[in-house]
Protein chains: 2
Amino acid sequence: MPTSSAQHQHRLPQHLLRAREAVMAYFRPLLNSVGLTEQQWRILRLLDDRGEMEAGVIADLACILSPSLTGILVRMEKAGLIHRSRDKVDSRRLIVSLSLEGRQLTREVAPLSNACYRQIEAHFGEEKLELLISLLNELEQLPAPVAVTEDKPQLTEADL
Amino acid sequence: MPTSSAQHQHRLPQHLLRAREAVMAYFRPLLNSVGLTEQQWRILRLLDDRGEMEAGVIADLACILSPSLTGILVRMEKAGLIHRSRDKVDSRRLIVSLSLEGRQLTREVAPLSNACYRQIEAHFGEEKLELLISLLNELEQLPAPVAVTEDKPQLTEADL
DNA sequence: CGCAGAATGTTAAGATATTAATCACATTGA
DNA sequence: TCAATGTGATTAATATCTTAACATTCTGCG
């Protein structure tokens, strides 16, 4: 027999992945041409937009797990793009700020990046893009899933 | 002065990334509990749905670049999930097929995975999900971008 | 036939993702 | 004050991503 019922799964994760690939194809050449990775660019823009911030915040906003972030920040400092320092009052916290060169580079690349975005917008349609983004925004708000495969006795509503 | 104009960028890639994170949070625990990576699971389901296929097709459908795929397939074969063999007539082509254990595992996990999906659907709404997916589908069709940062004479507005 | 060029995978090297364990410092409470 | 606990970052180990360079095998054509 053919195989599983496979009821034409929706494969939401796959679609999100493919869509992101299609979009990144527009930005990648630009980033490559200036020697930045996607992650580095996300961090640079964050820092330029909102000023210095601690590592944990960057991790949250840029969707980078802290173990990855550690290395990325080290390389970015080595490349002269940022400064790393410890918070005076709580030395666990790592404060990250843009260097002069980092700021310059960011502001040089930003308009080009925006141009890429406008290209996408032009192809896809402005309203559709707005709609898509608002849907994505909602999706991001999904409540954390309840554990299904643990030995713990399934959370019940009583636990809330 | 504050910083760049930063006109509240839309950050489409970021949203796609975050949305995918929110969604994967539902599937990750399941996959971890059976010792599969996201990529391995994508491949298993592909093979179960559509039968044996060559590596290049897997790469396309599962959104995995061939250099990554090489290693993933080696590990999956070592884990007894799949078989790898060369096409008799064109020995460049690598034919990948599900092993018995691979098939069993896949069919054991599939319903649980579907359950995760239905959870998401329940939270997000069926129609909205349909809409989102159709938008993502369109986005995937974006034409390949035109090179902007090459030695080619920078596009000007006149080119639009 | 024979060889240039295309197609398909693989290696290599460096960067990031992922999970678990650990380190250093902070905070709390007895 | 000190032990217990918590928090933020790092280390470790393995898997995957990315780009470039190779290695093979095919294909088409002179």
Side-chain angles (χ1 to χ4, degrees), chain A residues 13 17-18 20-21 24-25 27-44 53-79 81-82 84-96 147 149-150, chain B residues 13 17-18 20-21 24-25 27-44 53-79 81-82 84-96 147 149-150:
Chain A
L17 192 55
R18 286 174 170 289
R20 187 161 195 283
E21 271 316 296
M24 286 315 299
F27 294 97
R28 238 188 280 277
L30 170 58
L31 295 182
N32 283 342
S33 78
V34 294
L36 290 173
T37 67
E38 295 177 30
Q39 294 80 354
Q40 292 176 339
W41 175 239
R42 271 184 263 156
I43 294 171
L44 286 181
M53 55 178 79
E54 49 185 279
V57 179
I58 294 180
D60 283 345
L61 296 179
C63 279
I64 298 175
L65 296 178
S66 26
S68 302
L69 190 57
T70 296
I72 295 175
L73 292 180
V74 168
R75 282 182 287 272
M76 288 179 78
E77 181 172 55
K78 195 171 302 178
L81 296 172
I82 61 169
R84 296 187 314 152
S85 63
R86 291 287 173 176
D87 185 307
K88 305 289 188 198
V89 351
D90 184 344
S91 65
R92 287 172 306 181
R93 298 169 191 279
L94 182 69
I95 307 295
V96 183
T149 49
E150 291 309 321
Chain B
L17 192 56
R18 286 174 170 289
R20 187 160 196 282
E21 271 317 296
M24 285 315 299
F27 294 97
R28 237 187 279 278
L30 170 58
L31 295 182
N32 283 342
S33 77
V34 295
L36 290 173
T37 67
E38 295 177 30
Q39 295 80 354
Q40 293 175 339
W41 175 239
R42 271 183 263 155
I43 293 171
L44 286 181
M53 54 178 78
E54 49 185 277
V57 178
I58 295 180
D60 283 346
L61 296 178
C63 278
I64 298 174
L65 295 179
S66 28
S68 302
L69 190 57
T70 296
I72 295 175
L73 292 179
V74 168
R75 283 183 285 274
M76 287 179 78
E77 182 172 54
K78 195 171 301 178
L81 296 172
I82 60 168
R84 295 187 315 153
S85 64
R86 289 289 173 174
D87 186 307
K88 305 289 186 197
V89 352
D90 184 344
S91 65
R92 288 172 304 181
R93 298 167 190 280
L94 182 69
I95 306 294
V96 183
T149 49
E150 294 309 320

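Order of the sequence lines fixes the chain letters, A, B, ..., with proteins taken first and strands second; residue numbering starts at 1 for each chain.
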Check step by step if side-chain contact (heavy atoms from CB on, under 4.5 Å) holds for B:Ile82 and B:Arg75.
CA-CA 9 Å; B:Ile82 60 168; B:Arg75 283 183 285 274; over 6 Å; no
Under 4.0 Å from a heavy atom of chain A: give me the 5'-most and 3'-most nucleotides of DNA chain D that qualify.
D:dG6 to D:dT19
Assert: residue with more 5' nearest nucleotide on DNA chain D, out of A:Arg20 and B:Val89, is A:Arg20
Check the distance between C:dT10's C1' and B:Ile58's CD1 and give it to me in whole angstrom.
16 Å
May I ask you to evaluate whether A:Ser91 reaches the phosphate of C:dA26, defined as a side-chain N or O under 4.0 Å from OP1 or OP2?
yes
First encountered from the 5' end of DNA chain C, between B:Arg86 and A:Ser66:
B:Arg86
Would you say the side chain of A:Leu81 lies within less than 4.5 Å of the side chain of A:Leu36, judging by non-hydrogen atoms?
yes
Under 3.5 Å: donor-acceptor pair, side chain of A:Glu77, backbone of A:Arg84
yes
Whole-Å distance, B:Leu73 CG to C:dT10 P, equals 8 Å
Flag the pair B:Leu44 / B:Met76 as yes when at least one side-chain heavy-atom distance between them is below 4.5 Å, and no otherwise.
yes
Establish, with yes or no, whether the OP1 or OP2 oxygen of C:dT19 is under 4.0 angstrom from a side-chain nitrogen or oxygen of B:Asn32.
yes
Considering all heavy atoms, the nearest A:Arg42-A:Cys63 contact:
NH1-O, 3.6 Å
Atom-pair distance (CG on A:Asp87; P on C:dC25), nearest Å
13 Å
Shortest non-hydrogen pair, A:Arg18 vs B:Asp60, comes out as NH2-O, 3.2 Å
Could you check whether the side chain of A:Arg92 and the base of C:dA26 have a donor-acceptor pair of N or O atoms closer than 3.5 Å, going by distance alone?
no
Which heavy-atom pair separates B:Ala25 from B:Pro29 by the least distance, and what is that distance?
O-CD, 3.1 Å
Cationic N near anionic O, under 4.0 Å, B:Glu21 to B:Arg28
yes
When every nucleotide of nucleotides 12-17 of chain C is labelled 5' to 3' by its protein contacts under 4.0 Å (heavy atoms), B for base, S for sugar-phosphate only, - for none, what sequence of letters results?
B--SSB
Compare all side-chain heavy atoms of A:Ile95 with those of A:Arg86 and state whether any distance is below 4.5 angstrom.
no
